Amino acid sequence: MSFTLATWNINSVRLREPIVCKLLAEEGPDVLCLQECKSPVDKIPLEQFAALGYTHMVAEGQKGYNGVAILSKLPLEAAGAHDFAQLGHARHVAAKLSNGVTIHNFYVPAGGDVADRTVNEKFGQKMDYLAQMRDFFHADAPQKSILVGDLNIAPRTDDVWDHKKMLKVVSHTPVEVEALSQTQDAGKWVDITRQDIPDGLLYSWWSYRAKDWDLADKGRRLDHIWATPDISNAGHGSRVIRAARGWEKPSDHVPVFATFDL
DNA sequence: ATGTCGATCCACGATCGA
């Protein structure tokens, strides 16, 4: 059995329902994990997605901020939702497919502008969130699992447009990269995107503030697909839908895809 | 420091978050 999965920070699922449908119609992933839905669960436009075959969903939502959802053509079973760092935010939801694979969908806190928790509470929350993710996967080793989402960290030098310039910018600071690495190690997670595309600059996010995102190309790889070692060899076909950054009323993130043959 | 988006409501402009 083979299935294709995608992750996309959509920055308002209601405003961008047309381009979610465009992606579903054109690319047809079996599973689409969304972050920053910015919507209560009961206001997610389910009918439009169901009309394209996405009749299953698990989601966590709240008004205005955060929010994560897993849309699927395949049956899903809810597999928990954790409030890491006790922020009261909808930032995680998990689902299990009938083939036994568990999917964790995360929206890690962005962390504010200053990489110092003594002056920036949001940075502390981000570090706490990552530490609790680490402890969660360390306490109960995940198996047959996939972890996706906007992790708000670009870990590698070639995950950012300028490594030296980014060393003090939240999302690429050494302390964050180390925390993400510890979280990854705790679950023995394999970075499927970089397993498939090991070399070269690779981004999934470009700021709205850049004049010409495509020309300037000052991107970061904030959106990730990881898998546990028991299924990591089944992962392949990773790709980033860069063109989506230029679609009508775009998100600042683009979808990242991978396929698993199980 | 700047820039641009989206959601909210003491709601049509200011504020917060990214």
Side-chain angles (χ1 to χ4, degrees), chain A residues 7-23 33-45 48 59-69 83-92 105-117 119-130 148-155 159-162 164-173 176-177 179-180 203-224 242-256:
Chain A
T7 179
W8 196 7
N9 178 318
I10 196 60
N11 188 15
S12 175
V13 70
R14 283 178 281 172
L15 188 70
R16 284 187 237 290
E17 175 265 318
I19 61 169
V20 172
C21 288
K22 177 180 169 73
L23 184 82
C33 297
L34 297 171
Q35 304 87 35
E36 279 205 274
C37 296
K38 295 186 173 178
S39 174
V41 172
D42 62 7
K43 293 189 173 164
I44 294 174
Q48 290 88 332
E60 288 288 311
Q62 61 185 97
K63 190 160 71 172
Y65 304 101
N66 309 311
V68 284
D83 182 20
F84 296 99
Q86 295 74 53
L87 301 173
H89 295 172
R91 294 181 176 275
H92 168 258
N105 182 16
F106 277 97
Y107 175 49
V108 171
D113 290 332
V114 182
D116 178 352
R117 68 186 306 154
V119 297
N120 171 22
E121 183 188 26
K122 288 189 169 62
F123 193 76
Q125 292 173 351
K126 182 178 197 174
M127 298 305 291
D128 291 345
Y129 197 95
L130 290 162
V148 307
D150 177 4
L151 305 184
N152 264 315
I153 295 172
D159 291 337
V160 294
W161 66 280
D162 188 319
K164 279 191 175 176
K165 282 196 175 76
M166 293 290 298
L167 280 169
K168 291 184 176 174
V169 176
V170 172
S171 72
H172 192 63
T173 64
E176 289 170 85
V177 170
L180 187 68
Y203 313 138
S204 64
W205 173 90
W206 294 261
S207 173
Y208 285 127
R209 296 172 195 179
K211 257 184 284 193
D212 186 335
W213 72 272
D214 196 25
L215 185 66
D217 203 19
K218 295 182 176 179
R220 306 177 200 171
R221 188 172 72 100
L222 303 178
D223 302 277
H224 300 266
R242 181 182 171 109
R245 186 62 179 78
W247 289 355
E248 184 102 3
K249 295 239 271 167
S251 171
D252 45 356
H253 296 252
V254 299
V256 178

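Because only heavy atoms are used, hydrogens play no part in the values below, and waters and symmetry mates are left out as well, while side chains stay in. This structure is a prediction, so every number in the text was calculated from the model and none was measured. In what follows, chains are A, B, ... by sequence order, proteins preceding strands, each numbered from 1.
- Each of Lys249(A) and Gly111(A) lies near DNA chain B, and the nucleotide nearest Lys249(A) is the one positioned closer to the 5' end.
- Identified under the salt bridge (Lys or Arg N to Asp or Glu O under 4.0 Å) test for residues 242-255 of chain A, with sequence neighbours left out: Asp214(A)-Arg242(A), Asp217(A)-Arg242(A).
- Residue order along DNA chain B, read from the 5' end via each residue's closest nucleotide, puts Tyr208(A) first among Val13(A) and Tyr208(A).
- Remark: Pro45(A) engages Val13(A), Arg14(A), Glu17(A), Gln48(A), Phe49(A) in a side chain to side chain contact (heavy atoms under 4.5 Å, CB included) (not counting sequence neighbours).
- Only the C1' atoms considered, dG6(B) is 16 Å distant from dA11(B), to the nearest whole Å.
- A distance of about 29 Å separates the P atoms of dA1(B) and dG13(B), rounded to the whole Å.
- Between Pro109(A) and Tyr129(A), the shortest heavy-atom contact is CD-CG, 3.5 Å.
- Across the C1' atoms, dA7(B) and dC12(B) are found 14 Å apart, a figure rounded to whole Å.
- Backbone-only engagement by Lys122(A) is indicated by non-hydrogen atom pairs under 4.0 Å involving sugar-phosphate atoms exclusively.
- Judged as a side chain to side chain contact (heavy atoms under 4.5 Å, CB included), and not counting sequence neighbours, the contacts of Arg209(A) are Ser207(A).
- Scanning for side chain to side chain donor-acceptor pair (under 3.5 Å) contacts around Ser251(A) gives an empty result, with sequence neighbours left out.
- Not counting sequence neighbours, the partners of Gln125(A) by the side chain to side chain contact (heavy atoms under 4.5 Å, CB included) test are Leu87(A), Glu121(A), Lys122(A).
- For dT15(B) and dC10(B), the P atoms lie 15 Å apart once the distance is rounded to whole Å.
- The outermost nucleotides of DNA chain B lying under 4.0 Å from heavy atoms of chain A, listed 5' to 3', are dG3(B) to dA18(B).
- Nucleotides dA18(B) and dG3(B), compared at atom C1', are 13 Å apart to the nearest Å.
- Classification of dC12(B) as syn follows from a glycosidic angle within 90° of 0.
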